[in-house]
2 protein chains.
Amino acid sequence: MTLGDPTESGAQQIRDAIRDAIVERRLAPGTKLSENDVGGLFNVSRTLARAALQALSYEGLVSVEKNRGAFVAYPSPEEARQIFAARRLVEPGILKSAAERITPAQLNQLRQLLLEEGRLMGERGQSARRAEIKASGDFHLMLASFSGNLIMQRFMEELVARSSLVIALYGQSSASSCGHSEHGDIITALERKEIDRACDLMLHHIAHIEADLDLRERKSFGLKEAFER
Amino acid sequence: MTLGDPTESGAQQIRDAIRDAIVERRLAPGTKLSENDVGGLFNVSRTLARAALQALSYEGLVSVEKNRGAFVAYPSPEEARQIFAARRLVEPGILKSAAERITPAQLNQLRQLLLEEGRLMGERGQSARRAEIKASGDFHLMLASFSGNLIMQRFMEELVARSSLVIALYGQSSASSCGHSEHGDIITALERKEIDRACDLMLHHIAHIEADLDLRERKSFGLKEAFER
DNA sequence: ATGCGCTAAATTGTATACAACTATCTGCGT
DNA sequence: ACGCAGATAGTTGTATACAATTTAGCGCAT
């Protein structure tokens, strides 16, 4: 996706690794992320670990409490509501912008992603489930990248990542696959240039995801288990 | 010296101070911000200076180049266009959300801000001009805060701050005062519960600001600027 | 002068050291 | 057993030290 810097700095790599772990739910909300442990895991000093955690806090994925340390964010129900309100507010506009400039090749990319998503839906197991979560988010991110607006793209990356946290906390297990057919419907509307309909479908899609939320407790992996393979 | 929020860490204070300086145009785009200088200015070590600069880079106000240091962001014309595209995409939704929950007291706050803005417009001098810029941005930020969505509020803070940079670079001098009456029109529409009209006015307002920009590629500095620092 | 290669100075990248704070444990008194 | 003061260990906050890289300066050949 972003091929700006060929060499990602140390802290950025760590940030990305932890973010993936959070988004793919290997790290549960509320998990403590001590600077020593993080640094130890990646064989770097606390300096870089700390920088990575700070970066994640700017994205809303980690909350750092003064003199107490960093934790995987544990969004409140109100926060969750605001995250989805933001998505409802923003995604139709992104979709519209993307629809105006989308190419057949890009439509094909979306179809391909949908296929992959469907394939993963059929499989069982934690790892397939994680990949499915990621693919589902990637659909929205790909649309954002097609909008041609890097700022909105980055904002969507933040919203999708935080949504994953919310779903991890409050989502019901069967919910995540619900969106699949809706993704397909949106693509179809895009192919037919029915932009308003696509926006409408998107709004309903987001509403459906949100409607499936409910309070729920999840058990967490420890930090070490999340990264050892 | 400052007996502010004790939870605000040193790095955050420095970040806020530098951000204010950038938004109020006391620091010109492209200005080098060396960690030593920043630390020296605030009597802290490079550690905190670096953290503050990193934070600002996440907000898009500072660009850090690997092994080269941090500079006040110098948004390209394309970046400028995307910033305003993002605002057009987002602000109508924010306005709508705010309109649905706004109270008479809050409408009054907006009126008050408008008054202050008008007062500053009359004055001359750099400092009044900076205050005017700030007040103009505060109008949009206040609306965002009335939307009740903290995430959108933070996003708008970023967009308004970056807009200030863009206007500093590409704005024509007489332009910034244009928006004043439009702010008033939007408030009036809000008072009359004409939400769609308010959104329309907002879109035109943003378009007007953008239309006043001279988005020509200024790839190279003038010779004078290139050597002074 | 202009351009090139080299050395020296300055700046950033990362690790370590120390200070400040928090959390945990211990031992005592009740 | 319970609660609490104080010691102890562990964690974070900040400063400093060292390594890696860039930038600036200088001499030299063309």
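First the proteins, then the strands, lettered A, B, ... as listed; each starts at 1. Computation of the quantities below employed the complete heavy-atom set of this structure, encompassing side-chain atoms and omitting hydrogens, waters and symmetry-equivalent molecules. Keep in mind the model is a prediction, meaning the values are calculated, not measured.
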### Query
When you check the gap from the basic side-chain N to the acidic O, do B:E210 and B:R88 get nearer than 4.0 Å?
yes

### Message
Over all strands shown, is A:T47 touching base, sugar-phosphate only, or nothing at heavy-atom distances under 4.0 angstrom?
### Response
base

#### Entry: Residue whose nearest DNA chain D nucleotide is more 5′ - B:N43 or A:A70
A:A70

### Task
Mind calculating the distance between CD (A:E65) and P (C:dC21) to the nearest angstrom?
17 Å

### Query
Which sits closer to the 5' end of DNA chain C, B:L33 or A:R46, going by the nucleotide each is nearest to?
B:L33

#### Entry: Electrostatic pair A:R81-A:E78, nearest N-O below 4.0 angstrom
yes

### Message
Just N and O in the side chain of B:K66: are any of them under 4.0 Å from OP1 or OP2 of C:dT11?
### Response
no

### Message
Using whole Å, what does the distance between atom P of nucleotide C:dT12 and atom CG of A:L48 come to?
### Response
16 Å

### Task
Would you mind reading off the distance between B:F71 atom CZ and D:dT22 atom P, rounded to a whole angstrom?
13 Å

### Query
Would A:R119 and A:E123 pass as an ion pair if we require N to O under 4.0 Å?
yes

### Task
Write down the distance between CG (A:D37) and C1' (D:dG10), rounded to a whole number of angstrom.
11 Å

### Message
Pick the closest DNA chain C nucleotide for A:N67 and for A:S45 by heavy atoms, then say which residue is nearer the 5' end.
### Response
A:S45

### Rounded distance (Å) that lies between atom P of D:dT14 and atom CD of A:Q54
10 Å

### Task
Nearest whole angstrom, please: distance from the P of C:dC21 to the CG of A:N36.
20 Å

### Message
Applying salt bridge (charged side-chain N to carboxylate O under 4.0 Å, His left out) to B:E157 and B:R154, what does each step give before you reach the verdict?
### Response
CA-CA 5 Å; B:E157 278 165 15; B:R154 284 212 319 154; over 6 Å; no

### Message
If the cut-off is 4.0 Å, is B:R50 near the phosphate of C:dT12, judged by side-chain N/O to OP1 or OP2?
### Response
no

### Task
Report the distance from atom CD of B:E35 to atom C1' of D:dA15, rounded to the nearest whole Å.
14 Å

### Query
On a plain distance test, is the side chain of A:R68 in donor-acceptor contact with the base of D:dG13 below 3.5 Å?
no

### Query
Hey, is B:R15 close enough to B:E59 for a salt bridge, meaning N to O under 4.0 Å?
yes

